[in-house]
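By convention here, the first residue in the shown sequence is residue 1.
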Amino acid sequence: MLIDPSGYTKGRQSRLRADRELVFKNFHEPLQGFKGTLAAALYNTVKGHVFEARARQYSSCLDAALASTEVDPRVYRMLIGEVNNALPSLHRYLRLRARILGLNDLKYHDIYVPFVQEVQADYSWEASRELVLESLAPLGPEYVAQLRGALTSRWVDVDPRPGKRAGGYVNDGAYGVHPYMLLNHQDDWHSASTLAHEAGHLMHSLLSQAACPYPTARYVIFVAEVASTLNEALLFHHALDRATSDEQRLILLGNYLEGLRGTVFRQTMFAEFELTTHELVERGESLTGETLCSIYRELLERYHGTTAGVMSIEPLYTAEWAHVPHFHYDFYVYQYATSYVAATALVRRILSGDVAGVGRYL
């Protein structure tokens, strides 16, 4: 049975372990079957990056990719180094996940099943809007008032409907015209968190256009996700402070830990894979399906603690790299992790009462 990406995303969260394993098997077998062709496509992408970097006289593909955003390549390498140093924390989380799920042998196809319940509360559009506005109070009354005006002035397309683009998105493409926000609100915690996230993008665009002329108002991805992730973190802390039971706190903390795993650890693993493949081609080596699966397997096992007995990885899953389109984007994914780390540091300052810090951030 062939599983498409949407079916894979849904099926891997099944509470039935046999179903999760079947979904993983049926999705990853075709990737293994076409790994040669998919490797050739990625190899050509990387060769293109190498050619452009050398033609423009950069010392490496990494230097060339980060030059446009003026990010020092040491930031990229430091991220990989520090996250590798922190892998014991990830392994501790994975052991916790196994214990809560009641598993003695955690496997890779167990990594997406929710190990905590959905947060139970009123997350209608009106309730979510007020909750998000309350949570952003540390950013000051002017910020909250501007956002309230945006959320109540037909700047937002809230509800899902046939033919509408999935997920959440902010369009700020017309300078001098306020941004528009697209949502698909489902009256759940995820939707409230998405609202906080997209509100960060909306306010980033609004404040940037108010402060900057047209040529400099657009911002790069390296900082874009800071504003959105910071708002999500403020919402999380606000909800955690309002929690009235250990069960509610466990659910909120569980969701937060899973976000940390997916955004910091997983995206950094992707960044390390991308750096390794580019350095191989820069040394004149080729990328085959076997080579890429070998690189990816080593990363999977190191990040998920296979040697330490934390999680076992089926060889079938080592072609997962072929499912990640971002590897064709030229050193893109690391920015998810750096934004998350930056937002976490900023939130710590903001919630400590650092008024000057709030001003600097805005």
Q | Pairwise side-chain contact, Asp157 with Asn184, heavy-atom cut-off 4.5 Å (strictly under) | A | no
Q. Are there more than 12 heavy atoms of other residues, nucleotides or ligands under 6.0 Å from atom CD of Glu134?
A. yes
Q | Over all atoms of both residues, closest heavy-atom pair of Ala217 and Ser208 | A | O-OG, 2.6 Å
**Q.** Steps toward side chain to side chain contact (heavy atoms under 4.5 Å, CB included) verdict (Leu299, Glu272)
**A.** CA-CA 8 Å; Leu299 289 168; Glu272 189 169 352; 3.6 Å; yes
Q.
Taking Glu314's backbone N and O only, do any of them form a donor-acceptor pair with Thr318's side chain (distance below 3.5 Å, no angle check)?
A. no
Q.
Check for me, please, whether Met78 and Leu90 land in the same ILVMFWY cluster - side-chain distances under 4.5 Å, paths through other members count.
A. no
Q) With a cut-off of under 6.0 Å to the ring centre and 45° to the axis, is Lys25 in cation-pi contact with Phe27? A) no
Q. Should Arg302 and Glu298 count as an ion pair when the cut-off is N to O under 4.0 Å?
A. yes
**Q.** same_hphob_cluster(Tyr175, Leu206) at 4.5 Å side-chain heavy-atom cutoff
**A.** no
Q: With rounding to the nearest 0.5 Å, note down the distance linking CG in Leu87 to CG in Leu94.
A: 10.0 Å
Q) Heavy-atom count around Phe34 CZ within 6.0 Å, excluding the residue itself: above 12? A) no
Q.
For Tyr8, does the six-membered ring have the charged nitrogen or CZ of Arg12 within the cation-pi criterion, i.e. under 6.0 angstrom from the centroid and within 45° of the normal?
A. yes
Q) In terms of the angle between their ring planes, are His326 and Tyr336 parallel, tilted or perpendicular, with boundaries placed at 30° and 60°? A) perpendicular
Q) Looking at Tyr296 and Met269, what are the two nearest heavy atoms and their distance? A) OH-CE, 3.6 Å
**Q.** Under 3.5 Å side-chain donor-acceptor pair for Gln186 and Ser191
**A.** no
(Q) For Arg74, I'd like to know if atom CZ has over 12 heavy atoms of other residues, nucleotides or ligands within 6.0 Å. (A) no
Q.
Which label fits Trp321 and Phe273: parallel for a plane angle under 30°, tilted from 30 to 60°, or perpendicular past 60°?
A. parallel
Q. Donor-acceptor pair, Thr291 side chain versus Leu287 backbone, under 3.5 Å?
A. no
Q: Tell me yes or no: between the side chains of Thr338 and Gln335, is some donor less than 3.5 Å from an acceptor?
A: no
Q. Taking atom CZ of Arg17 as the centre, does the number of heavy atoms from other residues, nucleotides or ligands within less than 6.0 Å exceed 12?
A. yes
Q. Under a 4.0 Å N-O cut-off, is there an ion pair linking Arg97 with Asp110?
A. no
Q) How long is the gap from NE2 on His91 to CG on Leu106, to the nearest 0.5 Å? A) 11.0 Å
Q) Do you know the tightest heavy-atom contact between Val132 and Leu195? A) CG2-CD2, 3.9 Å
Q. Among the clusters formed by ILVMFWY side chains lying less than 4.5 Å apart, do Tyr169 and Leu202 turn up in the same one?
A. no
Q) If you draw the axis of the six-membered ring of Tyr58, does the NZ or CZ of Arg54 fall within 45° of it and under 6.0 Å from the ring centre? A) no
Q: Mind telling me whether His201 and His197 have parallel, tilted or perpendicular rings, with 30° and 60° as the class edges?
A: perpendicular
Q.
Would you say that Tyr112 contacts Val23 through its side chain, given a criterion of any heavy-atom pair below 4.5 Å between the two side chains?
A. no
Q: Before accepting this row, confirm whether a basic side-chain N of the pair Arg348/Asp354 lies closer than 4.0 Å to the acidic partner's carboxylate O.
A: no
(Q) Within the structure provided, determine whether Glu320 and Leu300 are in side-chain contact (heavy-atom separation under 4.5 Å). (A) yes
(Q) Can you confirm whether His204 sits close enough to Tyr219 that some side-chain heavy atom of one is under 4.5 Å from a side-chain heavy atom of the other? (A) yes
Q: Keeping the roles fixed (side chain from Tyr332, backbone from Ala271), state whether a donor-acceptor pair exists under 3.5 Å.
A: no
Q: Measure across Leu151 and Trp125 and return the closest heavy-atom pair with its distance rounded to 0.1 Å.
A: O-CZ2, 4.0 Å
(Q) As an exercise, state the distance from OG1 of Thr268 to CG of Asn84, rounded to the nearest 0.5 Å. (A) 8.5 Å
**Q.** Polar side chain donor-acceptor pair, Tyr317 to His109, under 3.5 angstrom
**A.** yes
Q | Axial cation check for Phe236 ring with Arg249, 6.0 Å and 45° limits | A | no
Q. Tell me, do Glu274 and Tyr334 make a side-chain contact under 4.5 Å, heavy atoms counted?
A. no
Q: Measure the shortest side-chain to side-chain distance between Leu351 and Leu234 over non-hydrogen atoms and say whether it is less than 4.5 angstrom.
A: yes
Q. Salt bridge between Glu82 and Arg77, side-chain N to carboxylate O under 4.0 Å?
A. no
Q) Taking atom SG of Cys61 and atom CG of Leu66, what is their separation to the nearest 0.5 Å? A) 11.5 Å
Q.
Is there a path of hydrophobic side-chain contacts, each under 4.5 Å between heavy atoms of I/L/V/M/F/W/Y residues, joining Leu16 to Leu22?
A. no
Q | Enclosure of Lys10 NZ (heavy-atom neighbours >12, cutoff 6.0 Å) | A | no
Q) So Val226 and Ser228, side chain to side chain contact (heavy atoms under 4.5 Å, CB included) or not? Walk me through it. A) CA-CA 6 Å; Val226 176; Ser228 53; over 6 Å; no
Q) Any chain of hydrophobic side-chain contacts (each under 4.5 Å) joining Trp155 to Leu207? A) yes
Q | Main-chain N/O of Leu182 paired to Lys164 side chain as donor or acceptor, under 3.5 Å | A | no
Q. Around atom CD of Glu247, are there more than 12 heavy atoms of other residues, nucleotides or ligands at under 6.0 Å?
A. no
(Q) If you define the side chain from C-beta out and look only at heavy atoms, does anything of Leu31 sit under 4.5 Å from Leu316? (A) no
Q. Taking all non-hydrogen atoms of both residues, which atom of His323 and which atom of Pro325 are closest, and how far apart?
A. O-CD, 3.2 Å
Q) Between Thr306 (side chain) and Met311 (backbone), is there a donor-acceptor pair under 3.5 Å? A) yes
Q | Pairwise distance OG(Ser14) to CZ(Arg20) - rounded to 0.5 angstrom | A | 6.5 Å
Q. For the residue pair Lys35 and Cys293, what are the closest heavy atoms and their distance?
A. CD-SG, 3.9 Å
Q: Tell me, yes or no, whether the heavy-atom count around Gln57 atom CD, taken from other residues, nucleotides or ligands under 6.0 Å, exceeds 12.
A: no
Q. Between Arg261 and Glu258, is the closest basic N to carboxylate O distance under 4.0 Å?
A. yes
Q: State whether the side chain of Ser128 and the backbone N or O of Tyr123 hold a donor-acceptor pair below 3.5 Å, judged by distance alone.
A: yes
Q.
Under 4.5 Å side-chain heavy-atom separation, chaining through any Ile, Leu, Val, Met, Phe, Trp or Tyr, what else clusters with Val177? Say none if it is isolated.
A. Tyr180
Q: Look up atom CG in Leu253 and atom CG in Asp246, then write down how far apart they are to the nearest 0.5 Å.
A: 10.0 Å
**Q.** Within the 6.0 Å centroid threshold, strictly below: Phe331 and His49
**A.** no
Q) Taking 4.0 angstrom as the limit, do Glu130 and Arg148 come out as a salt bridge? A) yes
(Q) Is a donor from one side chain sitting under 3.5 angstrom from an acceptor on the other, for Glu198 and Asn231? (A) no
Q: Answer yes if the side chains of Ser205 and Gln209 hold a donor-acceptor pair under 3.5 Å, and no otherwise.
A: no
Q. Are more than 12 heavy atoms from other residues, nucleotides or ligands located less than 6.0 Å from atom CZ of Arg283?
A. yes
Q: Flag the pair Ile251 / Trp189 as yes when at least one side-chain heavy-atom distance between them is below 4.5 Å, and no otherwise.
A: no
